[in-house]
Number of protein chains: 2
Amino acid sequence: MSALDGLEVRRTTTAQQLADGLADRIMAGAFGPGDRLRESAIAAELGVARNTIREAVRILELTGLVRYEVNRGAVVIAPTPENVEALYTARERLETAAAVRTPRPEQLQAINTAFDDLVEAAKTGDPKQIVDRDLAFHQAIVTTLDSSRLDDFYAAMTKELRFYLTVLSKDDTPDEIVAEHRVIVDAIRAGDRDRAVAEISAHIDTSVQRLKQLLADDR
Amino acid sequence: MSALDGLEVRRTTTAQQLADGLADRIMAGAFGPGDRLRESAIAAELGVARNTIREAVRILELTGLVRYEVNRGAVVIAPTPENVEALYTARERLETAAAVRTPRPEQLQAINTAFDDLVEAAKTGDPKQIVDRDLAFHQAIVTTLDSSRLDDFYAAMTKELRFYLTVLSKDDTPDEIVAEHRVIVDAIRAGDRDRAVAEISAHIDTSVQRLKQLLADDR
DNA sequence: TACAGTTGAACTGTACTACAGTTTGGTTCA
DNA sequence: TGAACCAAACTGTAGTACAGTTCAACTGTA
């Protein structure tokens, strides 16, 4: 522990900070799906040049939260049934692939902890926290794949998914959610891979159905 | 089939075209790993404004071929041992996950065709084509996962990998490569998933070793 | 009343200029 | 030989300008 520990020069650009900030705002629902990010308006409001905003939004594009349309600029992504379907299919493939592997002790530990956190969150009933813990639990499962690149890819999808859940203000029933996850954890703990895979598939399947229902109601 | 099929207005921006062009040049080796993309120089040479180049490079960043460093701009990615390792680990996970699934007839057909194409290429001995077909074959395997998002993710990794192979000017021994892939195809055709998984793992393992050897020699 | 056509404001895509701060490679000096 | 310094090159950001596109409101017509 050096005396200079934690001391660090600001090693980031304005555009990067703006991108981070914008991502937060979008996740918080300040911009809805399909909304355009108007460069001039944002630039004026934040007191930066338009090209800086433009660059920030390009960086934002890396996270998948917005996509560019020619002559319309950046548009916030929208949870269409196809998007949701594709997202969950990819999740299912990765998580089941992870479930057939034998987790190392610390990985199993991480899964257990993530589950406990989820149970904890369910008790409080705070929807935002439940969603966070829910997603973190699944990320922990994917970690069993031992691939940093897949971890990153999954994390990006998680970001997108969390946004969808935010805008659809998912009505969760805490007990049910905990129960669904508990069977997964039990199967993993028991080392019963086939059952783990089956439970994960089932869980993701019901999740996607629930989400698509929300989508339909929303319309 | 409409009478207007294929008719389309040019729906792209200058920056997008520049990004595509730059990607081609990088893949072709015009810029080596670690090289900086100097905005002013490129802008002057191509007769466009610097901010347009800047935007093009940001778009290019989406493909993973370059990354930004503060105050140094865009830098072409380099095949470090860690990068290569991570890339191949992710490939291994995805391809083996695909191999445990039962391909639909048209997917099996696509794999067969991809393999035949590879054999064909091996006969010509053209290294560039062999690499192309090799990667296309593996992409065909991943398609069995039935996930467009994973297909896209894998394609992005393929792009990166092809670049690494390009700069390391892989010395391939055609017959060996065909043999390695043939055992995979045989296992898939036979429906022997365990063997398919094992062969894929072995193949990827030898590939990564070979590549890391090239890397070491290169130094 | 419904609908095609027109118009204008708002906005994007691109260019150009400018400048402070950082990086880099070379050169001088101890 | 190595540290200190310096100037050139380059990035990050600001600001202005303008052509082309989009979009919604307005107008005229059947």
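Computation of the quantities below employed the complete heavy-atom set of this structure, encompassing side-chain atoms and omitting hydrogens, waters and symmetry-equivalent molecules. Just so it is clear: chains get the letters A, B, ... in the order the sequence lines come, proteins before strands, and each one is counted from 1.
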- Task: Determine the contact category for B/A15: base if any of its heavy atoms lies under 4.0 Å from a base atom, sugar-phosphate if only primed atoms, P, OP1 or OP2 are that close, otherwise nothing.
- Result: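 The answer is sugar-phosphate, as B/A15 gets under 4.0 Å only of primed atoms, P, OP1 or OP2.
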- Message: Any base atoms under 4.0 Å from A/L37, or only sugar-phosphate, or nothing? Heavy atoms, all strands.
- Response: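 Answer is sugar-phosphate: A/L37 comes under 4.0 Å of backbone atoms only.
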Rounded to whole Å, how long is the line connecting atom [atom1] of [X] with atom [atom2] of [N]?
X	N	atom1	atom2	value
B/R50	D/dG15	CZ	P	16 Å
B/I53	D/dG12	CD1	C1'	16 Å
B/R36	C/dT24	CZ	C1'	8 Å
A/N51	D/dT13	CG	P	9 Å
B/Q17	C/dG13	CD	C1'	12 Å
A/N71	D/dA19	CG	P	16 Å

Between [X] and [N], is there a contact of a side-chain N or O with OP1 or OP2 at under 4.0 Å?
X	N	value
A/S40	C/dT12	yes
B/T14	C/dG13	no
A/T13	D/dG12	no

- Message: A cation-pi test, strictly: NZ or CZ of B/R58 under 6.0 Å from the centre of the six-membered ring of B/Y68 and no more than 45 degrees from its axis. Yes or no?
- Response: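 Positive - B/R58 is close enough to the ring of B/Y68 and near enough to its axis.
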- Task: Could you please name the partner base of D/dA30, counting Watson-Crick and G-U wobble pairs only when both distances are under 3.5 Å?
- Result: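 Across all strands, the one nucleotide that pairs with D/dA30 is C/dT1.
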- Task: Mind listing the residues from residues 54-70 of chain B sitting with a heavy atom below 4.0 Å of DNA chain C? Number order is fine.
- Result: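 Residues of residues 54-70 of chain B under 4.0 Å from DNA chain C: none.
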- Any chance you could lay out the side-chain hydrogen bond (donor to acceptor under 3.5 Å, both in side chains) test for A/T143 and A/Q139, step after step, and finish with the verdict? CA-CA 6 Å; A/T143 305; A/Q139 178 90 51; 5.1 Å; no
- Using a strict cut-off of less than 4.0 Å between a Lys/Arg side-chain nitrogen and an Asp/Glu carboxylate oxygen, indicate whether A/E180 and A/R210 qualify as a salt bridge.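 Result for this pair is yes, salt bridge flagged.
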- Task: Name the orientation class of the two ring planes belonging to A/H203 and A/H138 (parallel below 30°, tilted from 30 to 60°, perpendicular beyond 60°).
- Result: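 A/H203 vs A/H138 ring planes: parallel.
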- Query: When you match A/E39 and B/R72 each to their closest nucleotide on DNA chain C, which lands nearer the 5' end?
  - Reply: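 Mapping each residue to its closest nucleotide by heavy atoms, the 5'-most match is A/E39.
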- Please tell me if the side chains of B/R101 and A/R93 come closer than 4.5 Å, counting only heavy atoms from C-beta onward.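 SC-SC contact between B/R101 and A/R93 confirmed.
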- Task: Using the salt bridge (Lys or Arg N to Asp or Glu O under 4.0 Å) rule, take B/K212 and B/E85 through it: C-alpha gap first, then chi angles, then the decisive distance, then the call.
- Result: CA-CA 8 Å; B/K212 284 167 91 172; B/E85 188 83 49; 2.3 Å; yes
- Query: What is the distance from atom CG of A/D117 to atom CG of A/D134, rounded to the nearest 0.5 Å?
  - Reply: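 Atom-to-atom, A/D117:CG and A/D134:CG are 12.0 Å apart.
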